[in-house]
Amino acid sequence: MERWRKQLQKSVTHVDELAKRFDISPEALRKVEQTFKMKITPYYLSLIEKKNDPIYRQVVPDERELENHGLYVDPLAEDEDSPVNNIVHRYPDRCLFLISPVCGSYCRFCTRKRKVGDPEKINRNFIDEGVDYIRSHPEIRDVILSGGDPLMLSDAKLEAILQKVRAIPHIQIIRIGTRMPCFLPHRITTKLVKMLKKYHPLYMNVHFNHPRELTPLAVKALGRLADAGIPLGNQTVLLKDVNDDPQTMKLLVQKLLQARVRPYYIYQADMVFGTDHFRTRVEKGLEIIKSLRGWTSGLAVPHFVIDAPGGGGKIPLLPEYVQSITDTEVVMRNYAGKIFRYTQPIGKSRPTQHRVAKEETTDSLFDEVDQTLLVDDLVF
Ligand SMILES: *Cc1c(COP(=O)(O)O)cnc(C)c1O
Ligand code: SF4
């Protein structure tokens, strides 16, 4: 058996073990566990320094998960955008393909809390149906393998899916969303990486929420993926008492860049039933972006987004850099809070209305821009 499988088998899956280790009431934990799956890899457990620290909070069940705060079981209405089992097709040109019901460990704040860990709800028997759906939708050019965690599949099973998806002519890029480099870096074997690189262009989005998760082992695993030419992005969930302060986030994004991972998204915590105690106010995310933009490498600054409840998709939020836009000038605030003005060009190409308040068809804007995009002029 491969080493990562052995590690996985040694995971903590009984709350009694946790209750003893952290001196919590086993009854309370048992009730939570009956509703939401629990599992922690020995590696990730070893990163917990003390009860209630940022690592602990992400994976150890909490009684508050059973409180009803009027939140939703399926906050993003993913099930409504699911034309066939295991596919979520919300955006015009890309879709999610859920290929694994299980994860290395279970995040207590997971948006798919309703599904993860339940092979009935993310059923591997429907993989071929998913591939057929993608094949019969030529508008899909980007497939995001997700779950659960795709890297919980064996190399052979994962490769079989990659092969099928890659064989579809209209698929330009494949992405894998995984938390394994964080929960079980041992999963990133040289064998896995050798297999993955056959399916380029392949992108990977990993999931780190706290700088302490970037251990030497995790950094090594990420380096291996980067060496295989896999562009790496990171998705972070903004979590109360885990990473909801600018200092922690700055350290996290800087360490990610050192590990050759580009911070991609910071998500406002979704309105998921059982996760109210993780939610921060939206202003906190804006404060964090404000503390990064300009103060550290632009490469380190992710997009702060709210995945709109009800299925609206990801909506970016920015601090107020634009003060006003008029026919003649734009007034802006820079990262340090100073005011600057940019004078608009005067001439035929200038739109007569400013673009902020009024809804315009994008076509009319593109007509003007097109003339500047003479691709033939590019010489390599
Ligand atoms: C996040 C998400 C995507 C990918 O969005 P990008 O902004 O392209 O990374 C695609 N489909 C669904 C349903 C999503 O939630
Ligand atoms: S790894 Fe991802 S899918 Fe799995 S529990 Fe965590 S957030 Fe949910």
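Both ligands and their constituent atoms are indexed starting at 1 by order of listing.
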Around [atom], find the nearest protein heavy atom and jot down its residue, atom name and distance.
| atom | result |
| --- | --- |
| atom 12 (C) of ligand 1 | L96 CG, 3.6 Å |
| atom 9 (O) of ligand 1 | Y264 OH, 2.5 Å |
| atom 1 (S) of ligand 2 | R179 CB, 3.6 Å |
| atom 8 (Fe) of ligand 2 | C110 SG, 2.3 Å |
| atom 2 (Fe) of ligand 2 | H207 ND1, 4.5 Å |
| atom 2 (C) of ligand 1 | K314 NZ, 2.3 Å |
| atom 11 (N) of ligand 1 | Y91 CD1, 3.5 Å |

(request) Quick one: look at C107 and ligand 2, take heavy-atom pairs under 4.0 Å, and tell me if it's side chain, backbone, both or neither. (result) both

(message) Below the 3.5 angstrom mark, is there an N/O of Y265, backbone or side chain, next to an N/O of ligand 1?
(response) yes

(request) Give yes or no for whether the N/O distance cutoff of 3.5 Å, strictly under, is met between Y267 and ligand 1. (result) no

(request) Going by the side-chain hydrogen bond (donor to acceptor under 3.5 Å, both in side chains) test, name the single residue among E65, Q58, H277 that passes it with R108. (result) E65

(request) Provide the closest heavy-atom pair for D149 versus M180 in the form atom of the first, atom of the second, distance. (result) OD2-N, 3.3 Å

(request) Identify the heavy atoms of P181 and I188 that sit nearest to each other, and give their distance. (result) CG-CD1, 4.1 Å

Select one of side chain, backbone, both or neither to describe which atoms of [X] lie under 4.0 Å from any atom of ligand 1, heavy atoms only.
| X | value |
| --- | --- |
| I144 | side chain |
| R94 | side chain |
| E78 | neither |

(message) Does K113 qualify as a cation-pi partner of F36, given the criterion of NZ or CZ under 6.0 Å from the six-membered ring centre and within 45 degrees of its axis?
(response) yes

Is any side-chain N of the basic residue among [X] and [Y] closer than 4.0 Å to the acidic one's carboxylate O?
| X | Y | value |
| --- | --- | --- |
| D276 | R64 | no |
| D155 | R187 | yes |
| E287 | R281 | no |
| K37 | D118 | no |

(request) Mark up the atoms of ligand 2 that fall under 4.0 Å of a heavy atom belonging to C103, in ascending order. (result) 1 (S), 3 (S), 4 (Fe), 5 (S)

(message) I'd like to check which ligand 1 atoms, numbered from 1 as shown, lie under 4.0 Å from a non-hydrogen atom of V88.
(response) 13 (C)

(request) Below 4.0 angstrom from a heavy atom of R175, which ligand 1 atoms are there? Numbered from 1 as shown, please. (result) 4 (C), 6 (P), 8 (O), 9 (O)

(request) Under the side-chain hydrogen bond (donor to acceptor under 3.5 Å, both in side chains) rule, what do Y267 and T111 come out as? Steps first, then yes or no, please. (result) CA-CA 11 Å; Y267 291 100; T111 297; over 6 Å; no

(message) Pair S11, T13 - check side-chain hydrogen bond (donor to acceptor under 3.5 Å, both in side chains), show working.
(response) CA-CA 6 Å; S11 293; T13 51; over 6 Å; no

